[in-house]
There are 4 protein chains.
Amino acid sequence: MCPRSAERFEQIKDERRRALLRAARVVFGRKGFAAAKIADIAAQAGISHGLVYHYYPEKESLFSATIDASVEGWDTLMELTRAQGGTPWDRLVYVCGQMIAGLREEPEHLLMTVHVYAEDASPGLRDVLRRFRLRVIGDLEELIQEGQRAGQVEQRASAELSRALVAIVQGLAINRLVEPDAPLPPLDVVLRILKS
Amino acid sequence: MCPRSAERFEQIKDERRRALLRAARVVFGRKGFAAAKIADIAAQAGISHGLVYHYYPEKESLFSATIDASVEGWDTLMELTRAQGGTPWDRLVYVCGQMIAGLREEPEHLLMTVHVYAEDASPGLRDVLRRFRLRVIGDLEELIQEGQRAGQVEQRASAELSRALVAIVQGLAINRLVEPDAPLPPLDVVLRILKS
Amino acid sequence: MCPRSAERFEQIKDERRRALLRAARVVFGRKGFAAAKIADIAAQAGISHGLVYHYYPEKESLFSATIDASVEGWDTLMELTRAQGGTPWDRLVYVCGQMIAGLREEPEHLLMTVHVYAEDASPGLRDVLRRFRLRVIGDLEELIQEGQRAGQVEQRASAELSRALVAIVQGLAINRLVEPDAPLPPLDVVLRILKS
Amino acid sequence: MCPRSAERFEQIKDERRRALLRAARVVFGRKGFAAAKIADIAAQAGISHGLVYHYYPEKESLFSATIDASVEGWDTLMELTRAQGGTPWDRLVYVCGQMIAGLREEPEHLLMTVHVYAEDASPGLRDVLRRFRLRVIGDLEELIQEGQRAGQVEQRASAELSRALVAIVQGLAINRLVEPDAPLPPLDVVLRILKS
DNA sequence: TATGAATGAGCATTCATTCAT
DNA sequence: CATGAATGAATGCTCATTCAT
């Protein structure tokens with residue numbers, strides 16, 4: 001009724017939506033799309049499963065939104081990275097460092113990708129994920145090419161280097177889930193991939 | 001009754017069992033445990049879904065058997081590797097080369113692991129997979145330690161190096177599934193991880 | 001929110017649960033555990049088969065609950081019987097009269113027992129039923145012993161007499177199901193078993 | 001080829017058929033029609049499940065044949081009973097004695113009846129069983145009427161007395177299966193039903 | 001005949017989705 | 001908005017029945 005409460009309303013709604021997305025990322029990341037139950041996600045978010053459908057009309061939309069949030073997160077990271085001063089190598093160190101730090105806290109973030117190549121995932125889902133993947137790979141490739149121009153990264157097919165980098169980060173995410181207490185290799189080991 | 005037909009019988013049975021395992025590896029590898037339908041696997045193997053239960057009493061047993069086959073495959077590879085002449089580094093080159101070649105043909109092999117860390121996977125499944133993982137990591141670590149003693153691998157925590165190696169291979173397996181036509185990075189890029 | 005509706009909620013839930021139990025008793029009693037389909041029971045209760053699982057997590061639990069309800073019914077009857085004035089014989093007349101009257105309305109009640117001696121019924125089920133049986137037999141035996149002390153029942157092994165009594169009642173229940181219109185023998189014929 | 005072996009052949013076939021029927025009676029009696037598996041029966045008879053279909057084209061025929069065998073057994077008992085000298089009461093003692101003795105060895109015999117009143121048992125099955133039941137009840141009723149004419153059985157509706165007699169015997173069969181070691185009440189307790 | 005591999009219809013159970021409260 | 005009861009399509013698994021050997 002009064003604007004105050006309407007605002008407050010929106011606030012609550014937004015908060016809840018964010019909480020829901022966080023919960024969805026965790027559960028989807030851990031179990032994949034098929035094995036994740038709406039009820040699991042609702043429980044993780046602390047709401048009833050019926051309420052989920054007030055925010056997202058179906059499981060797939062929720063999943064898509066989760067990816068979208070990850071994309072946003074990635075875009076933010078890339079902006080920060082580009083705003084970083086220093087050499088191209090410094091920027092590579094920064095972005096990889098952030099990715100690995102992210103693994104520690106939320107390995108689910110980068111695992112989302114793993115779960116949707118399934119042949120019978122709806123084409124929509126596959127596309128959404130594929131695009132995310134290609135964006136990450138593309139952004140990293142750009143940084144790598146800058147590094148190559150600066151002579152800080154070896155002169156090899158940048159597409160391969162970028163994919164190798166993504167591969168190791170995803171692989172470490174898996175490791176993180178299977179053995180949460182195993183040590184992650186230090187950043188410089190990961191970055192060696194780019195040095196001849 | 002006659003030995004000829006009894007033999008033939010067993011042969012056919014064995015062949016089918018192998019075909020079933022192959023089909024199961026492909027489908028489980030692509031979709032994970034929850035999303036893989038027995039009917040999918042049966043179709044992939046060219047048999048009716050009912051027949052699957054003549055060979056394995058339940059989905060989980062089939063999954064376990066699939067892992068067991070992967071373990072055997074790995075053991076064979078390790079034997080071949082150890083039988084390889086040359087320096088420790090040569091052996092590392094050999095085993096990683098084989099793993100990456102395997103990715104080209106059957107990326108499912110190394111992906112099996114990805115799908116079972118789910119919190120609600122039956123403890124049995126999780127154990128089976130965890131053991132497989134630890135075996136691979138352990139075997140590779142041994143090779144790495146030999147390489148360290150020979151001065152061919154950097155003197156860093158061999159556990160971390162081994163996990164980084166497994167991570168990149170698994171990450172590449174994922175990449176293979178998502179983008180089957182993307183190029184895999186060459187072997188020496190992968191092995192750089194072990195060199196300071 | 002408001003207590004009125006919450007109460008009403010619980011009421012409806014309870015009603016439905018009772019309706020489900022009644023339906024389950026009828027169907028299990030008629031068909032036995034294996035032959036009774038959840039869909040039959042749901043149809044009999046006027047609900048969808050999926051909803052059954054909101055109330056009982058599996059067929060066996062529903063069956064157990066059905067037995068539990070029968071046990072309660074029996075306990076109530078025994079309380080009424082013990083509250084009955086008169087001689088021990090009067091009480092035997094009362095309880096047997098009620099059992100036979102029950103046969104007319106719901107022969108399923110006493111038939112539940114018949115269906116679970118199967119060798120491969122889960123041990124849980126068998127136990128639940130065995131306990132019910134022994135309770136009935138034990139309670140009747142007690143009444144019989146009182147009758148014996150009062151000289152109203154013949155001085156023979158009360159365990160055998162009790163079992164003979166249960167046997168005839170169960171046998172009549174079967175008769176009731178097979179020939180719903182055949183006459184039940186009058187009470188005094190049944191009670192003769194206890195008189196020398 | 002030669003008549004000797006052809007005969008022998010028939011013999012073996014007949015023996016097997018009898019063994020199969022015996023096995024079927026045991027398993028059907030214990031588990032009912034729905035819960036009894038062809039494989040169970042075959043195992044009990046010591047043959048492969050496929051072979052069952054050489055003797056009976058389907059589960060229902062096997063069940064019918066089992067009933068037929070029971071009918072035959074009953075007819076034989078009735079012939080023996082009628083051939084028995086003495087008073088009508090002596091004959092009743094004889095036939096009930098045999099029934100109770102049968103309970104000790106093969107309680108399944110009289111339990112067959114219990115399992116087929118199910119609403120969705122095929123009408124054919126229900127009829128077959130109903131006829132068996134009515135035959136037993138009718139034969140006993142005849143004996144009871146003889147007893148009544150001889151003044152040895154009370155002058156009450158013979159149909160009810162007959163059904164009460166069958167009821168107690170069936171009830172005892174159930175008891176036998178649930179508690180194989182519980183004592184059966186002695187014959188005279190059972191026969192009291194017929195005495196005023 | 002005798003075996004057991006193979007098929008497919010049927011049933012228990014799960015879970016996304018809807019909707020009355 | 002929020003809840004959880006209700007529905008029904010989908011999937012694991014069983015088992016009667018068929019059939020190649």
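Residue numbering restarts at 1 for every chain, and letters A, B, ... go by the order of the sequence lines.
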For [X], side chain to side chain contact (heavy atoms under 4.5 Å, CB included) partners two or more places apart:
X         : value
Ala69(D)  : Leu21(D)
Tyr53(A)  : Ile38(A)
Val128(A) : Ser64(A), Ile67(A), Arg131(A)

Presence of Lys59(C) side-chain N/O under 4.0 Å of dT13(E) phosphate oxygens OP1/OP2: no
Trace of the side-chain contact (heavy atoms from CB on, under 4.5 Å) decision for Leu20(A) with Ile41(A): CA-CA 7 Å; Leu20(A) 187 50; Ile41(A) 295 171; 4.0 Å; yes
Contact nearer the 5' end of DNA chain F, comparing Ile38(D) with Glu58(B):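 This one resolves to Glu58(B).
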Separation between CG of Leu125(B) and CD of Glu60(B), rounded to the nearest 0.5 Å: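 Those atoms lie 4.0 Å apart.
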Gap between atom CD of Gln44(D) and atom NZ of Lys37(D) - 0.5 Å precision: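 It is 13.5 Å, given to the nearest 0.5 Å.
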Separation of [N] [atom2] from [X] [atom1] (nearest whole Å):
X        : N       : atom1 : atom2 : answer
Leu62(D) : dC15(F) : CG    : P     : 16 Å
Asp40(B) : dG12(F) : CG    : C1'   : 12 Å
Arg17(D) : dT1(E)  : CZ    : C1'   : 14 Å
Leu20(A) : dC1(F)  : CG    : P     : 13 Å
Glu15(B) : dA5(E)  : CD    : P     : 15 Å
Lys13(C) : dT21(E) : NZ    : P     : 16 Å
Tyr55(A) : dT17(E) : OH    : P     : 18 Å
Lys37(A) : dG4(F)  : NZ    : P     : 17 Å

CA sep, side-chain torsions, deciding dist, call: Phe28(C), Lys59(C), side-chain contact (heavy atoms from CB on, under 4.5 Å): CA-CA 11 Å; Phe28(C) 280 136; Lys59(C) 202 182 176 187; 4.2 Å; yes
Selection: residues 47-54 of chain B, any non-hydrogen atom under 4.0 Å of DNA chain E: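 Hits under 4.0 Å, by residue number: Ile47(B), Ser48(B), His49(B), Gly50(B), Leu51(B), His54(B).
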Please work out if [X] contacts a base, only the sugar-phosphate, or nothing of the nucleic acid, heavy-atom cut-off 4.0 Å.
X        : value
Tyr56(C) : nothing
Ala36(A) : sugar-phosphate
Arg16(D) : sugar-phosphate

Paired and unpaired positions of DNA chain E as dot-bracket, Watson-Crick or G-U wobble under 3.5 Å, | denoting a partner strand: .||||||||||||||||||||
Any residue meeting side chain to side chain donor-acceptor pair (under 3.5 Å) with Glu106(A), in chain and number order, not counting sequence neighbours: Arg25(A)
Side chain to side chain donor-acceptor pair (under 3.5 Å) partners of Glu58(C), counting only residues at least two apart: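 In terms of side chain to side chain donor-acceptor pair (under 3.5 Å), with neighbours along the sequence ignored, Glu58(C) is linked to no residue.
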